[in-house]
Number of protein chains: 2
Amino acid sequence: MRQADTAARPARERILDTAFRLFYARGPRGVGVDTVIADSGVAKATLYKHFPRKDDLVLAYLDTVDQTWFGQLRAAARDAGDDPRAQLVGMFDALANAARREGYHGCAFINTAAESETGSEVHARTVEHKRVVRAWVTDLARRAGAVDPDLLSRQLTMLIDGGLAVGVLDADPTAPDAAKAAARALIDASCPR
Amino acid sequence: MRQADTAARPARERILDTAFRLFYARGPRGVGVDTVIADSGVAKATLYKHFPRKDDLVLAYLDTVDQTWFGQLRAAARDAGDDPRAQLVGMFDALANAARREGYHGCAFINTAAESETGSEVHARTVEHKRVVRAWVTDLARRAGAVDPDLLSRQLTMLIDGGLAVGVLDADPTAPDAAKAAARALIDASCPR
DNA sequence: AAGCTAGCAGACAGGTCTGTCTATGCCAAG
DNA sequence: CTTGGCATAGACAGACCTGTCTGCTAGCTT
């Protein structure tokens with residue numbers, strides 16, 4: 001019976017799901033390994049078998065968030081049509097969707113970076129995430145014909161980060177709209193037609 | 001002799017200075033009370049006399065940051081001259097100065113909010129700070145003749161927050177310039193002349 | 001001179017944290 | 001049927017955390 005459960009949802013998955021939920025809500029440092037164990041219904045030895053150090057679990061958590069969030073960004077851009085300029089604007093729908101989500105608590109990467117030591121593996125992973133996203137936005141800006149794609153992508157990611165970051169303070173549903181409007185103005189000003 | 005020292009720098013001040021330095025660098029939760037005590041050369045009883053709970057010290061820390069940062073924002077705006085529109089742009093110099101500072105580690109409020117429980121006294125203080133700053137920017141936007149002062153102030157504070165927040169990941173000195181340029185574009189678009 | 005205030009030094013209790021280890025149960029493959 | 005692999009349950013060590021408490025020192029005031 002229990003075996004059937006674990007076949008349906010292997011221990012590793014249950015651990016990751018639980019870690020995702022708890023880490024995002026309280027921050028990795030605010031959640032003890034014992035809590036993850038209790039909530040995921042897994043034995044301590046099992047957790048430490050899959051993730052030898054807690055940091056390994058945190059890294060896996062960040063990878064999950066990276067895939068999810070980056071996927072949502074790309075999906076929002078794709079849904080905006082074929083025009084790269086429209087895609088840059090559409091990207092901001094991912095922010096609006098995130099802000100509306102139950103339990104929204106800002107940017108997992110900024111929140112985690114804030115409590116991780118600079119230079120640590122965890123910290124490096126957060127930096128890497130932002131680098132990848134920015135490279136993608138820069139490419140989009142280039143295809144949109146921006147005069148300075150690097151500058152535009154920096155401005156747009158800064159808007160997204162700002163919109164996300166304040167989510168940890170107050171989940172204001174109008175913030176994404178303001179960000180989107182600002183993005184539109186910046187894109188129009190940077191991409192001569 | 002020691003008494004002379006404490007007369008020159010009373011215990012409360014030394015505690016606050018040390019807490020400011022450590023809390024900003026590692027986050028309040030990443031610094032034990034014992035570390036503050038050791039670094040400030042104060043007795044445990046003295047610390048707990050001035051700050052009965054650790055959270056009281058964290059609140060005092062946030063108040064210090066609030067005064068400092070808000071002061072820098074207003075000073076940067078003032079230094080930009082009398083035109084409210086120029087003041088809105090000039091405000092971003094405070095961001096550039098902060099990013100250049102040794103030990104720059106992003107926004108103390110976002111970082112602290114990320115690790116404090118939603119609804120706690122500490123969390124409420126971070127929200128309050130952002131509210132006060134935004135009210136000030138909104139007023140400035142109104143005097144600058146913005147069509148929608150509330151929208152513009154939301155966009156500008158989002159840019160500042162984004163620029164500040166990513167500071168916890170990577171202290172990129174060009175980010176503030178990009179933010180300032182974006183602010184200029186948004187202000188020009190929002191304030192008909 | 002005596003008392004008061006402010007501060008220093010550090011032991012201590014009670015809790016939480018990570019990570020290790022032992023003992024046990026169950027299933028499937030050989 | 002037995003053996004190996006994977007899971008559970010939970011004790012345990014050692015570190016660190018907050019907050020309390022006792023004793024002591026030094027200067028200022030009365």
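The chains referred to below are lettered A, B, ... by the order of the sequence lines, with proteins before strands, and numbering in each begins at 1.
Near DNA chain D, meaning a heavy atom under 4.0 Å away, the residues from residues 43-50 of chain B are B:K44, B:A45, B:Y48. Less than 4.0 Å separates DNA chain C from at least one heavy atom of each of the following residues of residues 27-40 of chain A: A:V31, A:G32, A:V33, A:D34.
Applying the side chain to side chain donor-acceptor pair (under 3.5 Å) test to every pair with at least one member in residues 73-82 of chain A, sequence neighbours left out, gives no pairs at all. Among residue pairs with one or both ends in residues 175-185 of chain A, those qualifying as side chain to side chain donor-acceptor pair (under 3.5 Å) are A:D93-A:K180; sequence neighbours excluded. Within the structure, every pair that satisfies the side chain to side chain donor-acceptor pair (under 3.5 Å) test and touches residues 63-73 of chain A, not counting sequence neighbours, is listed here: A:D63-A:R125, A:D66-A:H129.
Other cluster members for A:V166: none, since no ILVMFWY side-chain heavy atom sits under 4.5 Å from it. Clustering of Ile, Leu, Val, Met, Phe, Trp and Tyr side chains at separations under 4.5 Å places A:V127 together with A:I110, A:V168, A:L169, B:I110, B:V127, B:V168, B:L169.
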For residues 40-51 of chain A, which side-chain donor-acceptor pairs fall under 3.5 Å, sequence neighbours excluded?
from: A:S40; atom 1: OG; to: A:V36; atom 2: O; distance (Å): 2.7
from: A:K44; atom 1: NZ; to: A:D34; atom 2: OD1; distance (Å): 3.1

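The separation between B:R53 atom CZ and D:dT20 atom C1' is 16 Å, rounded to whole Å. What separates CZ of A:R14 from P of D:dC6 is a distance of 15 Å, to the nearest Å. One atom, CZ of B:F51, and another, P of D:dT18, lie 15 Å apart when rounded to the nearest Å. If you measure from atom CZ of B:F23 to atom C1' of D:dC17, you get 13 Å, rounded to the nearest angstrom. In this structure, the NZ atom of B:K54 is 8 Å from the P atom of D:dC17, given to the nearest Å. The separation between B:R9 atom CZ and C:dA6 atom C1' is 17 Å, rounded to whole Å.
For B:E128, the side chain to side chain donor-acceptor pair (under 3.5 Å) test picks out B:R131, with sequence neighbours left out.
Relative orientation of the A:Y61 and A:F20 rings is perpendicular, given thresholds of 30° and 60° on the angle between their planes.
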